[in-house]
Amino acid sequence: MSQKTEPVRSVKGVRDLLPKEMQLWQRVEEATRAVFSTYNFQEIRTPVLEYTSLFARSVGPDTDIVSKEMFTFEDSDRESLTLRPEATASVIRAYIEHSLYNEGGIHKLFYMGPMFRRERPQKGRFRQFYQIGAEVLGSMEPGTDAEVLEILHVLITERLGIREVNLLLNSVGCSECRPRYVAALRQALEGVKQNLCVDCQRRAESNPLRVLDCKVEADQPLIGKLPRILDYLCEACRLHLDEVKKGLNQRKINYEITPRLVRGLDYYVRTTFEMTSGTLGAQNALAGGGRYDGLVELLGGPRTPGIGFAIGEDRLVLAHQSAATQEAGANLIYIAWLEDNSLAAASDLARELRQSNQRVELVYSPMKMKKSLATANRLNARFAVIIGPDEIETGRYQVKDMASGQQEPVDRTGIGVYLQSRTG
RNA sequence: GUGAGCGUAGCUCAGCUGGUAGAGCGCCAGACUGUGGAUCUGGACGUCGCGGGUUCGAAUCCCGUCGCUCACCCCA
């Protein structure tokens with residue numbers, strides 16, 4: 001009889017952002033643009049689709065992102081394409097491809113948009129997620145690092161009022177000093193690794209730095225005794241870190257030096273950081289980033305220092321949610337018409353009000369007064385304009401303030417001004 | 001990739017040890033024929049995720065499967 005067809009549905013780990021939640025997203029994005037603008041950052045948009053080799057070369061072939069989390073497929077001309085898992089590589093690619101370095105000076109760029117990683121979804125983690133990011137190209141000054149961190153701080157804690165925020169700071173050294181540290185770490189692990197969890201035993205071989213990131217309680221005492229990268233930094237890296245710390249102190253931005261902070265992308269050098277919030281659940285990283293002085297060169301451009309960060313917008317919205325409420329129909333004007341012959345007058349008025357940028361709702365189905373006002377109420381309208389035979393005849397429409405219930409007749413010709421002055 | 005929990009009305013959920021489906025909210029209508037948010041009355045809406053098994057009988061028990069959620073992992 002009624003054989004129901006299987007309804008279509010969305011792909012695992014991706015989701016629709018419905019109008020109700022989009023308000024929050026819009027507010028977050030507006031604040032973001034405003035902040036970036038004050039620091040004279042300019043927006044850049046790069047494609048979602050890139051050649052796979054871009055990420056293999058920049059992010060690193062042995063990272064989790066590249067080795068198991070990318071949406072990669074072969075195009076019909078046999079080219080391997082990938083849905084971007086992050087945007088720094090793309091921004092650098094664009095910087096090189098369009099020879100922006102020839103313009104001279106420092107490039108300060110920001111972007112926002114969807115990224116894709118094929119992970120198992122959970123709270124704050126999706127397969128299509130959104131990042132807001134910034135990249136500064138052409139400055140190796142520690143003052144730049146401090147300003148980049150200042151932007152994060154201003155946006156997240158000051159502008160968006162997110163609570164329980166921690167800024168974790170570390171230096172992962174450079175190509176000169178990091179290998180020395182990794183060697184020392186490997187050696188130290190040889191002695192103790194049989195007492196660590198199975199994951200750590202594996203990491204000790206494949207990626208010793210990852211051991212530092214282990215969260216297993218029983219492993220902590222042993223990990224605490226491992227060599228610290230800060231003790232192995234070369235002179236230049238140590239000075240750089242000191243200057244960044246000074247910059248943060250001067251700005252009165254709280255941070256925590258975290259020698260165990262390791263980033264999941266291979267291109268980072270020197271300054272690395274992460275911002276977490278206790279309001280988020282297990283996936284508590286709100287933003288992360290660092291310096292990547294060798295990346296532009298690695299991707300075929302001129303030697304150019306860089307630093308940047310990426311904020312997880314989904315998580316930012318999640319954390320922002322607590323403090324946010326906004327009525328749907330702010331300043332909405334609802335037009336309640338009563339008889340067929342008043343519809344024309346209603347739609348004329350609607351068009352006129354809209355021309356002066358007022359938000360107007362006009363429903364075309366005929367309704368009784370009672371239902372019409374109930375609709376206005378549900379839409380959370382600020383005013384209802386009542387137009388019926390009496391109003392048409394007198395040329396004065398009833399304007400009702402929905403909050404107070406008060407209403408008064410207003411001259412047809414003066415309605416625009418009347419409403420304008422009351423809805424701001 | 002691994003583990004745990006959960007899939008019943010638009011939403012939130014109840015339904016004990018098997019007897020064939022309920023509440024609240026929401027929605028629609030009326031009480032109130034040109035005045036909303038309160039109240040009352042009535043109404044519509046369910047392949048009980050899907051498939052199979054056990055049984056006279058399954059939302060309930062068993063197996064499988066799909067989906068969602070959270071956690072591990074990893075990261076933003």
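Below, read A as the first sequence line, B as the second, and so on, with proteins coming before strands; counting in each chain starts at 1.
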Is the side chain of R118(A) donor-acceptor paired with the backbone N or O of M70(A) at a distance under 3.5 Å, no angle test? no

Any side-chain to backbone donor/acceptor pair from R315(A) onto N284(A)? Under 3.5 Å, distance only. no

Which part of the nucleic acid, if any, lies within contact of L316(A), taking any heavy atom under 4.0 Å across all strands shown: a base, the sugar-phosphate backbone alone, or nothing? nothing

Counting only side-chain N and O atoms of Q122(A), is one of them less than 4.0 Å from OP1 or OP2 of rA71(B)? yes

Mind checking M115(A) for me? I need base, sugar-phosphate or nothing, with any heavy atom below 4.0 Å counting as a touch. nothing

Partner set under salt bridge (Lys or Arg N to Asp or Glu O under 4.0 Å) for E158(A), not counting sequence neighbours: none

Which one is paired to rU33(B), where only Watson-Crick or G-U wobble pairs with both distances under 3.5 angstrom count? none

Under 3.5 Å donor-acceptor, T144(A) side chain and V136(A) backbone: no

rC50(B) versus rA58(B) - spacing of their P atoms, nearest Å: 15 Å

Where do N or O atoms of nucleotides 1-3 of chain B meet protein N or O atoms at under 3.5 Å, pair by pair?
| residue | atom | partner | partner atom | Å |
| --- | --- | --- | --- | --- |
| rU2(B) | O4 | R120(A) | NH1 | 2.3 |

Once you apply a heavy-atom cut-off of 4.0 Å, does L338(A) come out as touching a base, just sugar-phosphate, or nothing? base

Out of the candidates M115(A), H320(A), E29(A), Q131(A), only one should pair with E313(A) under the side-chain contact (heavy atoms from CB on, under 4.5 Å) rule; please name it. E29(A)

Given atom CD of E274(A) and atom P of rC75(B), what is their separation to the nearest angstrom? 9 Å

Checking N1-N3 plus N6-O4 or O6-N4 for Watson-Crick, or N1-O2 and O6-N3 for wobble, each under 3.5 Å, the partner of rG1(B) is rC72(B)

What is the ring orientation for F36(A) with F309(A), classed by angle as parallel under 30°, tilted 30 to 60°, or perpendicular over 60°? parallel

Is any side-chain heavy atom of V385(A) less than 4.5 Å from a side-chain heavy atom of I415(A)? yes

Start at the 5' end of RNA chain B and walk down; is the nucleotide closest to K400(A) or to K368(A) reached first? K368(A)

Phosphate OP1/OP2 of rA76(B): any R84(A) side-chain N/O under 4.0 Å: no

Tell which nucleotide pairs with rG7(B), taking only Watson-Crick or G-U wobble pairs whose two distances are both under 3.5 angstrom. rC66(B)

Does the side chain of H153(A) reach to within under 4.5 Å of the side chain of L149(A), using non-hydrogen atoms? no

Whether the side chain of S139(A) engages the backbone of E141(A) through a donor-acceptor N/O pair (distance < 3.5 Å, no angle test) should be reported. yes

Take atom P in rG52(B) and the same atom in rG18(B), then report the distance between them in whole Å. 23 Å

Pairing partner of rA44(B) (Watson-Crick or G-U wobble, both distances under 3.5 Å): none

Test item: W25(A) and D314(A) side chains (from C-beta on) under 4.5 Å apart, heavy atoms: yes

With a 3.5 Å limit on both atom pairs, tell me what rG19(B) is paired to, counting Watson-Crick and G-U wobble, or say none. rC56(B)

Backbone of T271(A) reached by a side-chain donor or acceptor of N170(A) within 3.5 Å: no

Using a cut-off of 4.0 Å on non-hydrogen atoms, how would the nucleic acid contact of Q406(A) be classed: base, sugar-phosphate, or nothing? nothing

Using the 3.5 Å cut-off, write out each protein N or O paired with an N or O of nucleotides 8-12 of chain B and the distance between them.
none

What does A310(A) touch in the nucleic acid at a heavy-atom separation under 4.0 angstrom: a base, only the sugar-phosphate, or nothing? sugar-phosphate

Assign each of A287(A) and G388(A) the nucleotide of RNA chain B bearing its closest heavy atom; nearer the 5' end lies the nucleotide of G388(A)

Confirm from the modelled atom types if Q283(A) and rC72(B) form a donor-acceptor pair under 3.5 Å, side chain to base only. no

Base rC66(B) paired with R9(A) side chain (donor-acceptor, <3.5 Å): no

Do Q398(A) side-chain and rU35(B) base share a donor-acceptor contact under 3.5 Å? no

Does K370(A) make a side-chain donor-acceptor contact with the base of rU35(B), cut-off 3.5 Å? no

With sugar-phosphate meaning primed atoms plus P, OP1 and OP2, does E69(A) contact a base, only sugar-phosphate, or nothing at under 4.0 Å between heavy atoms? sugar-phosphate

Under 4.0 angstrom, heavy atoms only, what part of the nucleic acid is G124(A) near: base, sugar-phosphate, or nothing? base

Indicate, with a heavy-atom threshold strictly under 4.0 Å, whether G405(A) touches base, sugar-phosphate, or nothing. base

